[in-house]
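Residues take their numbers from the sequence shown, with the count starting at 1.
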Amino acid sequence: MGFTDTRFNVNLSILFTELPLLERPAAARAAGFTAVELWWPWVDAPTPERAELAALADALRDAGTQLTGLNFYAGQLPGPDRGALSVPGEESERFRANVPVAIDFAAALGCTTFNALYGNRVEQATPQEQDALALENLAFAARAVGEVGGTLLIEALNAPESPACPIVSAPKAVEVVDAVNAATGLDNARFLMDLYHLAMNGEDLVEVIDRYTARTGHVQIADNPGRGAPGTGSLPLEELLGRLRKAGYQGWVGLEYKPGERPSAESFGWLPPALRAAR
């Protein structure tokens, strides 16, 4: 169980970032991985030029890597932002403009799983106003994702690193999932279970797994403390992934950790090469 029975992908927005974006898929493939995921790569462009989209699509295909997950536009990420969909004005408009672009790009590559980061609280709107806007935008995104038979993910971040984000616990994220599904009737919103964020919140990971695996559409991991590779912290990640498997989770597990000072390719010693390719 654990690592042996898990399907891993590599998040190319946090690993291999020492390389230009278009070189990262080939680097992941050279390290033995055939599946990847991405945050929205163009932080200043929710609707980039067709040539930029085509170049990334070609890089993924040429490397022999499958895109299995993509974030919608989320503002400056990495950076101070934690999403755009709950932020009134220009950021909300950017999110909505990005939705069809991101879906068209990913679906053409066989990817139909999309993460919609909620966003920070802001001074120019009340929490109630932001939550109403967020539900409207999430329902919009869920309907668009539904047109390609896809899944919309709602992620819980962690309060120490994202103090202005209101989605900082598993129960809160699942509450939003339920609200979106109720609003659309599509039942295509799911929980993104990031074990690092939940550990930083002090949540009981065993309880979260037992309670929410059936509502989970994607899992991401990093060790804690430090957000490094498995084995650099104290989380029993192999045991936790084994518990997820026993609870019925068969989806992807995204490697969303920091490689430290070494090149990313040197951070995978914890995972035997035979277990890295998609299966």
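- Contact between Val122 and Pro88 at its shortest, heavy atoms only, is CG2-CD, 4.0 Å.
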* To do: Go through the steps for Tyr73 and Glu91 under the test side chain to side chain donor-acceptor pair (under 3.5 Å), then give the verdict.
  => CA-CA 9 Å; Tyr73 171 78; Glu91 281 300 89; 2.9 Å; yes
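- Of the possible polar contacts, one joining the Ser234 side chain to the Asn224 backbone as a donor-acceptor pair under 3.5 Å is found.
- A salt bridge does not link Arg143 to Glu147: none of the charged nitrogens lies less than 4.0 Å from a carboxylate oxygen.
- Checked against Asn158 for a side chain to side chain donor-acceptor pair (under 3.5 Å), the options Glu203, His197, Arg227 give a single hit: His197.
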* To do: Applying side chain to side chain donor-acceptor pair (under 3.5 Å), run through His218 and Glu37 and close with a yes or a no.
  => CA-CA 11 Å; His218 187 46; Glu37 61 181 43; 2.7 Å; yes
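- Considering all non-hydrogen atoms of both residues, Asp187 and Arg190 come closest at O-NH1, 3.0 Å.
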* Report the C-alpha separation of Phe72 and Phe95 in whole Å, then their side-chain angles, then the decisive distance to 0.1 Å, and conclude whether the ring pair (Phe, Tyr, Trp, His ring centres under 6.0 Å) test is met. => CA-CA 7 Å; Phe72 287 125; Phe95 171 81; 5.7 Å; yes
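- Taking a 6.0 Å sphere around CZ of Arg262, one finds it holds more than 12 heavy atoms contributed by other residues, nucleotides or ligands.
- Interatomic distance, Tyr212 OH to Leu244 CG, rounded to the nearest 0.5 Å: 14.5 Å.
- Looking only at distances, no side-chain donor or acceptor of Thr151 sits under 3.5 Å from a matching main-chain atom of Thr113.
- A side-chain donor-acceptor contact under 3.5 Å links Tyr249 to the backbone of Trp252.
- Not a single donor-acceptor pair under 3.5 Å links the side chain of Asn9 to the backbone N or O of Val36.
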* Could you go step by step and tell me if Asn188 and Val180 meet the side chain to side chain contact (heavy atoms under 4.5 Å, CB included) rule? -> CA-CA 9 Å; Asn188 67 340; Val180 175; 5.6 Å; no
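- Side-chain atoms of Ser162 never come within 3.5 Å of backbone atoms of Cys165 as a donor-acceptor pair (strictly under, hydrogens ignored).
- The cationic group of Arg96 lies under 6.0 Å from the six-membered ring centre of Phe140 and within 45° of the ring axis, placing it in a cation-pi geometry.
- Between Leu60 and Leu109, the shortest heavy-atom distance links the atoms CD1-CD1, 3.7 Å.
- Checked by atom type and distance alone, the side chain of Arg24 pairs as donor or acceptor with a backbone atom of Leu19 at under 3.5 Å.
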* Asked: Step by step, would you call Glu49 with Trp42 a side chain to side chain donor-acceptor pair (under 3.5 Å)?
  -> CA-CA 10 Å; Glu49 297 293 331; Trp42 300 279; over 6 Å; no
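- A donor-acceptor pair is defined here as one N or O able to donate and one able to accept, closer than 3.5 Å; no such pair exists between the side chain of Asp81 and the backbone of Ala74.
- Looking only at distances, no side-chain donor or acceptor of Thr112 sits under 3.5 Å from a matching main-chain atom of Gly150.
- Atom CD of Glu239 has 12 or fewer heavy atoms from other residues, nucleotides or ligands within 6.0 Å.
- Across all their heavy atoms, Tyr196 and Ala222 have their closest contact at CB-O, 3.6 Å.
- Shortest non-hydrogen contact noted between Leu12 and Ala28 is CD2-CB, 4.0 Å.
- Using a distance-only test at 3.5 Å, with no hydrogens or angles considered, a donor-acceptor pair links the side chain of Gln130 to the main chain of Asn120.
- Between the side chain of Trp40 and the backbone N or O of Ala45 there is at least one donor-acceptor pair closer than 3.5 Å.
- Other residues, nucleotides and ligands place more than 12 heavy atoms under 6.0 Å from the CD atom of Gln124.
- Using a 4.5 Å heavy-atom cutoff, the side chains of Pro41 and Leu56 are in contact.
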* To do: Please lay out, stage by stage, how Asp131 and Arg121 fare under the test salt bridge (Lys or Arg N to Asp or Glu O under 4.0 Å).
  => CA-CA 10 Å; Asp131 291 342; Arg121 292 300 193 209; 2.9 Å; yes
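- Closest non-hydrogen pair, Leu152 versus Ala116, comes out as CD1-CB, 3.8 Å.
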* Dump the intermediate steps for ring pair (Phe, Tyr, Trp, His ring centres under 6.0 Å) on Phe3 and Trp270, then the final yes or no. => CA-CA 9 Å; Phe3 296 159; Trp270 58 276; 5.0 Å; yes
